[in-house]
Amino acid sequence: MQLLYLKTLAKQYPTIAAASREIINLQAILSLPKGTEHFLTDIHGEYEQFNHVLKNGSGTVKTKIDEEFGNTLSSRDKKSLATLIYYPKEKLELVLQQEENIEDWYKITLHRLVQITKRVASKYTRSKVRKALPKDFAYIIEELITEKEEVQDKEGYYNEIIRTIIRIGSAPGFIVALGELIQRLVIDHLHIVGDIFDRGPGPHIIMDTLEEYHSVDVQWGNHDIVWMGAASGHLACIATVIRTSVRYGNLDILEDGYGINLIPLVTFAMETYKDSDCSVFAINYNNDYNMKDLQLDMRMHKAITMLQLKLEGQIIKRHPEYHMDDRLLLDKIDFANKTVTIAGQSYEMNDVDFPTVNPENPYKLTSEEAELMERLRQAFVHCEKLQRHVRFLFSKGGLYKVHNSNLLYHGCVPMDEEGNFLKVEVDGQEYAGKKLYDVLEYYARKGFYSRHNVAEKRKGQDMLWYIWTGPNSPVFGKNKMATFERYFVKDKSTHTEVKNSYYRLMDNEEIVNKILREFNLDEVKSHIVNGHVPVEIKKGETPIKCGGKLLIIDGGFSKAYQSKTGIAGYTLVSNSHGMRLVAHETFESKEDAIQRESDIFSDTILIETAVNRLRVSDTDIGRELQESIGYLELLLQAYQDGTIVEKVK
């Protein structure tokens with residue numbers, strides 16, 4: 001088998017010289033500094049803040065500017081240079097309006113941008129940098145960043161390139177190209193640890209950005225999962241996605257962002273709920289919300305909520321193994337007394353005006369509701385943009401990822417009070433820990449991709465819904481989703497959603513080590529990077545758990561959470577020098593960042609400093625390269641002893 005593999009390898013490296021050259025190349029790459037990894041989570045549609053944090057690399061661009069220029073540039077000049085790198089096109093427009101001597105500005109700015117480009121490119125091979133270069137300026141940029149202007153023989157050549165760029169009017173395009181190149185090179189790889197969707201106004205814009213990003217992976221969050229279920233055509237997931245969008249005044253995401261036709265829902269809501277009390281179904285709108293839509297949106301909100309509750313009840317009834325009978329509440333309503341029985345206790349309801357609910361069979365859709373849901377299903381499954389985005393999530397993502405000694409997941413590893421992994425029944429068998437993640441992901445993929453096996457697809461679709469809201473789902477992590485209670489029950493004690501024991505145990509080193517071992521990681525040098533639960537700084541909570549072994553980086557990107565958390569999100573940066581956690585204050589706007597050169601004020605917390613600078617050899621890619629070197633050396637030996645014959649022309 002080894003000889004067969006070596007013969008296959010020989011087709012790629014047919015001579016001693018070719019094999020030797022690749023060994024030297026790979027060995028050299030191993031000694032380069034480890035690339036910078038950027039971790040973001042719980043973005044929740046806040047695309048402007050997301051784009052800004054992506055552009056500045058959570059402060060990495062500023063760090064590079066400080067390292068390169070030190071005290072030779074004023075703080076004001078550094079801010080201007082940073083803003084130009086983040087938003088080169090927009091900042092150039094302002095400069096052209098304000099700058100009196102634009103040629104001098106071009107000359108100074110181009111030299112500074114080339115210096116920064118040299119610095120951020122220095123940790124990569126020339127081949128990798130070449131692949132990142134913009135096509136229109138690739139040759140010129142490569143010349144500028146590989147030549148040393150201080151070398152006397154090349155100084156004139158270097159300066160003449162800059163002068164000519166300015167003289168022929170190419171400076172604006174060149175500046176834009178350098179700014180975007182710096183953004184690309186400053187971060188080697190991006191991790192999104194869940195929840196791109198819901199609440200904020202632009203998840204579709206974020207997805208468009210991620211599709212174009214040079215190197216990224218995604219760990220699915222529960223809000224991503226429900227959109228994935230909706231894209232598969234699952235009715236309960238579709239109803240949930242629409243309900244969340246209308247509740248937060250974000251129907252534009254569906255209508256404008258994805259081109260999904262909601263007219264059937266509008267018509268149904270206006271006819272069915274025209275005389276219904278919809279006061280319970282308030283809209284959490286922002287400043288951009290059009291108030292003339294309020295009454296209609298409240299009717300749509302009520303209509304889709306009742307559909308969601310019915311559809312969820314149908315799933316729970318056909319899956320007793322989900323153990324979610326406590327969520328079957330439509331059949332527990334006493335319409336005459338306006339009460340509902342929950343866990344054996346009767347509670348007053350604030351609304352029982354449900355024109356489509358038959359008390360004798362409350363989970364059955366009316367014919368009009370069934371027709372509506374089919375039309376909505378068709379709209380979701382035939383939305384090309386949504387299908388493309390969800391395929392991206394499946395191709396680049398999963399429920400967890402192990403990468404460079406870090407374990408990434410969105411929610412929790414479900415546990416009991418003693419810290420034992422909870423067993424969950426899936427298709428007649430029990431799974432826990434890593435195996436639970438693996439089997440849930442398997443069925444999630446079947447729910448979207450299966451085409452010919454109807455039963456398999458339906459099982460997978462229902463599993464997507466369970467992952468979104470199930471009591472032992474790793475990405476949900478609570479005993480229930482109290483949707484019914486929050487809308488209809490006045491007693492707020494019923495609204496409580498109890499977190500899984502994991503969240504109480506995450507400061508216990510024995511438990512954290514147990515999780516790391518479960519995912520085959522070294523408990524001494526590994527970390528868990530966790531999202532999902534906002535860290536409430538106001539209450540004295542900290543994102544650093546278990547002495548830095550577990551990091552929660554959801555601090556409230558979503559504006560809906562910021563009053564609760566006190567900040568606007570955590571991000572994490574891991575580079576060759578160690579790991580740092582970055583706490584962000586509220587981002588005002590893109591326009592404010594460009595015009596006033598304001599940045600997100602970020603407070604950095606050093607998590608870990610590497611004793612010796614980390615190299616590519618210390619990474620997962622490094623281990624793959626070392627394996628490749630081993631095989632190439634065997635091939636070289638096979639050439640030298642005649643086992644395999646060189647293909648010399």
> So, does D331 use its side chain to make a donor-acceptor pair with the main chain of P359 at under 3.5 Å?
Replying inline: no

> How long is the gap from OG on S232 to NZ on K457, to the nearest 0.5 Å?
Replying inline: 5.5 Å

> Where is the tightest heavy-atom contact between L464 and A444, given as atom of each residue plus distance?
Replying inline: CD2-CB, 3.7 Å

>> Working note: Q308 + F484, criterion side chain to side chain contact (heavy atoms under 4.5 Å, CB included); need CA distance, chi angles, decisive distance, verdict.
In response: CA-CA 10 Å; Q308 178 188 326; F484 182 98; over 6 Å; no

> Centres of the H191 and F39 rings: under 6.0 Å?
Replying inline: yes

> Once you round to the nearest 0.5 Å, how far does CG of L54 lie from CG of L40?
Replying inline: 7.0 Å

> Where the side chain of N222 meets the backbone of F476, is there a donor-acceptor pair that is under 3.5 Å apart?
Replying inline: no

>> Taking the ring of Y442 and the ring of Y431, is the distance between their centroids below 6.0 Å?
In response: no

>> Parallel, tilted or perpendicular: which one describes the rings of F448 and F394, with boundaries at 30° and 60°?
In response: parallel

>> Show the nearest heavy-atom pair for residues Y273 and C278, with the distance to one decimal.
In response: O-SG, 4.4 Å

> Quick one: does H319's side chain have a donor or acceptor within less than 3.5 Å of a partner on I315's backbone?
Replying inline: no

> Passes side chain to side chain contact (heavy atoms under 4.5 Å, CB included), L309 versus E312? Steps please.
Replying inline: CA-CA 5 Å; L309 294 171; E312 289 181 339; 4.2 Å; yes

> When the aromatic ring centroids of H389 and H204 are compared, is their separation below 6.0 Å?
Replying inline: no

> Are R388 and E384 ion-paired here, with the side-chain N under 4.0 Å from a carboxylate O?
Replying inline: yes

> Got D224 and D195 here, is their nearest side-chain heavy-atom distance under 4.5 Å?
Replying inline: yes

> Taking the side chain from K302 and the backbone from D277, do they hold a donor-acceptor pair closer than 3.5 Å?
Replying inline: yes

> Would you say K480 has more than 12 foreign heavy atoms packed within less than 6.0 Å of its NZ?
Replying inline: yes

> Would you call R451 and E456 a salt bridge, taking side-chain N to carboxylate O under 4.0 Å as the test?
Replying inline: no

> Going by an N to O cut-off under 4.0 Å, is there a salt bridge joining R486 and E497?
Replying inline: yes

> Do K446 and N453 pass the side chain to side chain donor-acceptor pair (under 3.5 Å) test, and can you show the C-alpha distance, the side-chain angles, and the key distance before you say yes or no?
Replying inline: CA-CA 9 Å; K446 292 294 183 184; N453 189 327; over 6 Å; no

>> Assess the residue pair E368 and T272 against the criterion (side chain to side chain contact (heavy atoms under 4.5 Å, CB included)); give the C-alpha distance rounded to whole Å, side-chain angles, the decisive distance to 0.1 Å, and a yes or no.
In response: CA-CA 9 Å; E368 293 83 5; T272 308; 5.7 Å; no

> Any side-chain donor-acceptor pair under 3.5 Å between Y487 and H301?
Replying inline: yes

> Within 45° of the ring axis of F421 and under 6.0 Å from its six-membered ring centre, is that where the NZ or CZ of K435 lies?
Replying inline: no

> N508 and E510: which non-hydrogen atoms are nearest, and at how many Å?
Replying inline: OD1-N, 2.9 Å

> Where do S473 and P414 come nearest, in terms of heavy atoms and distance?
Replying inline: C-CG, 4.3 Å

>> Set out, in order, the CA-CA distance, both residues' side-chain angles and the distance that settles side chain to side chain contact (heavy atoms under 4.5 Å, CB included) for R318 and D462, then state yes or no.
In response: CA-CA 10 Å; R318 66 175 173 258; D462 285 353; 2.9 Å; yes

> So among L376, I304, I260, which one has a side-chain contact (heavy atoms from CB on, under 4.5 Å) with I238?
Replying inline: L376

> So do K545 and N530 actually touch side chain to side chain, heavy atoms under 4.5 Å?
Replying inline: no

>> As a quick check of understanding, evaluate side chain to side chain donor-acceptor pair (under 3.5 Å) for D217 and Q219, giving each step before the final call.
In response: CA-CA 7 Å; D217 58 64; Q219 291 69 61; 2.9 Å; yes

>> With rounding to the nearest 0.5 angstrom, report the CG to CE distance, L307 to M373.
In response: 6.0 Å

>> Is it the case that over 12 heavy atoms from other parts of the model lie below 6.0 angstrom from the NZ atom of K514?
In response: yes

> Side chain of N500, backbone of Y502: donor and acceptor closer than 3.5 Å?
Replying inline: yes

>> Test your reading of the model: is there a side-chain donor-acceptor pair from N250 to the backbone of R199, 3.5 Å cut-off?
In response: yes

> Which value, rounded to the nearest 0.5 Å, describes the distance between R391 atom CZ and E211 atom CD?
Replying inline: 9.0 Å

> Taking the side chain as C-beta and beyond, is there a heavy-atom pair between V352 and D334 under 4.5 Å?
Replying inline: no

> Rounded to the nearest 0.5 Å, how far does CD of E271 lie from CZ of F268?
Replying inline: 9.0 Å

> Hey, is R377 close enough to E374 for a salt bridge, meaning N to O under 4.0 Å?
Replying inline: yes

> For the side chain of T469 and the backbone of W465, is there at least one donor-acceptor N/O pair under 3.5 Å apart?
Replying inline: no

> Is the shortest heavy-atom distance from the side chain of V226 to the side chain of D198 under 4.5 Å?
Replying inline: yes

>> If we ignore hydrogens and angles and just use 3.5 Å, is the side chain of T542 paired with the main-chain N or O of I544 as donor and acceptor?
In response: yes

> Within the side chain of K332, is there an N or O that forms a donor-acceptor pair under 3.5 Å with the backbone of L328?
Replying inline: yes

>> For a quick check under 3.5 Å, do H532 and D42 share a side-chain donor-acceptor pair by atom type?
In response: no

> Checking side chain to side chain donor-acceptor pair (under 3.5 Å) for the pair Y443/D427: CA distance, chi angles, key distance, verdict?
Replying inline: CA-CA 10 Å; Y443 278 106; D427 201 21; 2.7 Å; yes

>> Does any part of the side chain of I43, heavy atoms only, come nearer than 4.5 Å to the side chain of V53, both counted from C-beta?
In response: no

> Is the closest side-chain heavy-atom distance between Y285 and D293 below 4.5 Å?
Replying inline: no

>> To the nearest 0.5 Å, what is the distance between SG on C383 and CG on N261?
In response: 11.5 Å

> Is there a side-chain contact between I333 and L329, using heavy atoms and a 4.5 Å cut-off?
Replying inline: no

> Any idea how F380 and W227 line up, ring-wise: parallel (<30°), tilted (30 to 60°), or perpendicular (>60°)?
Replying inline: tilted

> Looking at I515 and V413, what are the two nearest heavy atoms and their distance?
Replying inline: CG2-CG2, 3.9 Å

> Do the ring planes of Y409 and F519 sit parallel (below 30°), tilted (30 to 60°) or perpendicular (above 60°)?
Replying inline: tilted

> Where the side chain of K310 meets the backbone of K364, is there a donor-acceptor pair that is under 3.5 Å apart?
Replying inline: yes

> For the residue pair M306 and F488, what are the closest heavy atoms and their distance?
Replying inline: SD-CZ, 3.8 Å

> Would you call E441 and R445 a salt bridge, using N to O less than 4.0 angstrom?
Replying inline: yes

> Do V241 and L254 have side-chain heavy atoms sitting under 4.5 Å apart?
Replying inline: yes

